[in-house]
Number of protein chains: 2
Amino acid sequence: MEAQRLRKIDPQEKVRAVLTTARRLFVEHGYHSVSIPMIVRESRVSTGAIYHHFGNKEQLARRIYDETLSEFQEMLEQRLTGQADVLSQLRAFGKLLVDVAQSDPEMMRYMLFLNHGEFLSSCPPICSSAPFRWVQETIRNGVADGTLRSDHPFVAAASFIGAILRTIELNYQGVIIEPLDTLISPILDHALRAVRA
Amino acid sequence: MEAQRLRKIDPQEKVRAVLTTARRLFVEHGYHSVSIPMIVRESRVSTGAIYHHFGNKEQLARRIYDETLSEFQEMLEQRLTGQADVLSQLRAFGKLLVDVAQSDPEMMRYMLFLNHGEFLSSCPPICSSAPFRWVQETIRNGVADGTLRSDHPFVAAASFIGAILRTIELNYQGVIIEPLDTLISPILDHALRAVRA
DNA sequence: GTCTATAGCCCGATAGAC
DNA sequence: GTCTATCGGGCTATAGAC
């Protein structure tokens, strides 16, 4: 039939195209500046198909949010297997942040810069997501066993992560021009010095 | 005359009302979610008056950006007078951030969370503004005179500021619940440990 | 499932009286 | 300088053919 011939073989391919295109556009222009017609043009998927698969713009954004976070969570779990002590665990986490920042800047920018709460109703801030709660827990353990030192483990966790993320931010903004992988050692050095005993 | 009677005594009062109202709304909802009619309602200044004084929405945003940054810069200069050595200068800077975060959260949120580049064409990122360039310079000096230690002063500066700002962020997001002024000592402690010799 | 066409809404900005 | 009324445009979301 005619309709049959026009139908794409795999609908999931379109879904995927919309998800990746929309995330890129959200990162580049911000959620509110990205219109559905814009996503239609760049993804080459029609308005009707988008609304069919995602319902509305906010649900599309929510799906991108969920998938990005669980992808990151998965990478973290992979990197953590076999890291026994607190210090090498924190190093693995920091290295993951830097690696992602370099190999997939779009993902990192998405997690760093988008105020998801601004357009996703009742979405937990990124810092309360599993990976970042894991850091808080790890640092609490490190303080307990004497590897780390802090009067206030939450402040310690914030300092550790903040030191790394801020460096990544400044790299993105062109203030720090060296490629991030050449900076991995000073980055981890400063971040760990903020918390270790 | 009738027109005379209806005219407010001080036009600058209206300008001020628009500036403070708009900044509050930008912080609460994000630039793109704030409409002119919304500003009109909340500031009780008419559409016509707003366009008369500011030209358009972007110029209004730019004026808020400029005034906020120079206000912060002024506060910093005040706090720095009389701080001789690098360590007490950095402490003064950190304490300023924490003080502002607590006494004027709207100003801090404005500087921290708004992606100004997203709606202000060719606006320098906050991190390149005078106060933050000052930190970079100060840390370079500290490394030179041996007070601080770093292979890469830019990374050191990013770590120092990042440690503090991230803690403030987590406080705003309810992860760290203690009032910030009770945390000033662990905050400065962690941030300085990241960079000192 | 996918498309095109368009309804319906609200926004930024302007016009023109006062 | 300040107001109200309104225009043109672009948006989200829907309708209905295929």
Side-chain angles (χ1 to χ4, degrees), chain A residues 1-26 28-65 114 116 118-121, chain B residues 1-26 28-65 114 116 118-121:
Chain A
M1 319 281 180
E2 184 67 9
Q4 190 73 24
R5 198 181 58 76
L6 288 173
R7 198 171 291 156
K8 281 281 179 66
I9 297 111
D10 187 7
Q12 288 311 308
E13 200 177 293
K14 297 206 169 200
V15 170
R16 190 48 48 194
V18 171
L19 287 170
T20 59
T21 304
R23 192 176 73 173
R24 176 173 58 78
L25 293 173
F26 287 161
E28 280 170 11
H29 306 106
Y31 177 79
H32 293 290
S33 301
V34 176
S35 65
I36 297 290
M38 201 166 167
I39 298 173
V40 169
R41 272 197 307 278
E42 304 247 339
S43 68
R44 307 175 59 86
V45 175
S46 72
T47 314
I50 291 177
Y51 278 94
H52 175 76
H53 285 294
F54 299 101
N56 59 36
K57 192 181 168 187
E58 180 177 336
Q59 278 175 259
L60 167 60
R62 186 170 299 275
R63 172 117 167 234
I64 292 172
Y65 178 86
L114 264 68
H116 304 93
E118 192 184 298
F119 49 90
L120 293 181
S121 51
Chain B
M1 320 280 180
E2 184 67 6
Q4 190 72 20
R5 199 180 58 76
L6 288 173
R7 198 172 289 157
K8 279 281 179 68
I9 297 110
D10 186 8
Q12 288 310 307
E13 199 179 294
K14 298 205 172 202
V15 170
R16 190 49 47 194
V18 171
L19 287 170
T20 59
T21 303
R23 191 177 73 174
R24 176 172 59 78
L25 292 173
F26 287 163
E28 281 171 9
H29 307 105
Y31 177 79
H32 288 105
S33 300
V34 176
S35 65
I36 297 289
M38 200 165 165
I39 298 173
V40 170
R41 272 195 308 276
E42 303 246 341
S43 68
R44 308 176 59 85
V45 174
S46 72
T47 314
I50 291 177
Y51 278 96
H52 175 76
H53 285 293
F54 299 101
N56 59 37
K57 191 180 169 187
E58 180 177 337
Q59 279 175 259
L60 167 59
R62 187 172 298 275
R63 173 115 168 237
I64 292 172
Y65 177 86
L114 264 70
H116 303 94
E118 191 185 298
F119 49 90
L120 293 182
S121 51

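Letters go in sequence order (proteins before strands), and every chain restarts at 1.
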Need one value for [X]: base, sugar-phosphate or nothing, where a base atom within 4.0 Å counts as base even if backbone is also close, heavy atoms only.
{"X": "Pro37(B)", "value": "sugar-phosphate"}
{"X": "Val15(B)", "value": "nothing"}
{"X": "Val40(A)", "value": "nothing"}

Spacing between [X] atom [atom1] and [N] atom [atom2], to the nearest angstrom:
{"X": "Ile50(A)", "N": "dT4(C)", "atom1": "CD1", "atom2": "C1'", "value": "14 Å"}
{"X": "Met38(A)", "N": "dG10(D)", "atom1": "CE", "atom2": "P", "value": "14 Å"}
{"X": "His29(B)", "N": "dC11(C)", "atom1": "NE2", "atom2": "C1'", "value": "17 Å"}
{"X": "Arg41(B)", "N": "dT4(D)", "atom1": "CZ", "atom2": "P", "value": "14 Å"}
{"X": "His52(A)", "N": "dG16(D)", "atom1": "NE2", "atom2": "C1'", "value": "15 Å"}
{"X": "Ile36(A)", "N": "dG9(D)", "atom1": "CD1", "atom2": "C1'", "value": "18 Å"}
{"X": "Arg44(A)", "N": "dC3(C)", "atom1": "CZ", "atom2": "P", "value": "11 Å"}
{"X": "Glu13(A)", "N": "dT2(C)", "atom1": "CD", "atom2": "C1'", "value": "14 Å"}

With side-chain contact (heavy atoms from CB on, under 4.5 Å) as the test, would you mind laying out the steps for Leu60(A) and Ile39(A) before giving the verdict?
CA-CA 11 Å; Leu60(A) 167 60; Ile39(A) 298 173; 4.0 Å; yes
To the side chain of [X], which of [options] is closest?
{"X": "Thr47(B)", "options": "dA13(D), dC11(D), dA13(C)", "answer": "dA13(C)"}
{"X": "Ser46(B)", "options": "dC11(C), dT4(D), dA13(D)", "answer": "dT4(D)"}
{"X": "Lys14(B)", "options": "dC3(D), dC3(C), dC11(D)", "answer": "dC3(D)"}

Could you list by number each residue of residues 54-62 of chain A showing a heavy-atom separation from DNA chain D of less than 4.0 Å, or answer none if no residue does?
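The answer is Asn56(A), Lys57(A).
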Check the pair Arg62(B), Ser121(B) against side-chain contact (heavy atoms from CB on, under 4.5 Å), reporting the backbone distance first and the verdict last.
CA-CA 9 Å; Arg62(B) 187 172 298 275; Ser121(B) 51; 3.8 Å; yes
Run the side-chain contact (heavy atoms from CB on, under 4.5 Å) check on Tyr31(A) and Glu58(A) step by step: do they pass?
CA-CA 10 Å; Tyr31(A) 177 79; Glu58(A) 180 177 336; 4.0 Å; yes
From NZ (Lys14(A)) to OG (Ser46(A)), nearest 0.5 Å
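Going from the NZ atom of Lys14(A) to the OG atom of Ser46(A) covers 6.0 Å.
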Do the ring planes of His32(B) and His32(A) sit parallel (below 30°), tilted (30 to 60°) or perpendicular (above 60°)?
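Rings of His32(B) and His32(A): tilted, as their planes differ by 30° to 60°.
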Is any side-chain N or O of Ser35(A) closer than 4.0 Å to OP1 or OP2 of dC11(D)?
yes
Between His53(B) and dT2(D), does any side-chain N or O lie under 4.0 Å from OP1 or OP2?
yes
Ser43(B) versus Ala17(B), closest heavy-atom pair with distance
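Closest approach of Ser43(B) to Ala17(B): CB-O, 4.1 Å.
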Any chance you could lay out the side-chain contact (heavy atoms from CB on, under 4.5 Å) test for Val18(B) and Arg63(B), step after step, and finish with the verdict?
CA-CA 11 Å; Val18(B) 171; Arg63(B) 173 115 168 237; over 6 Å; no
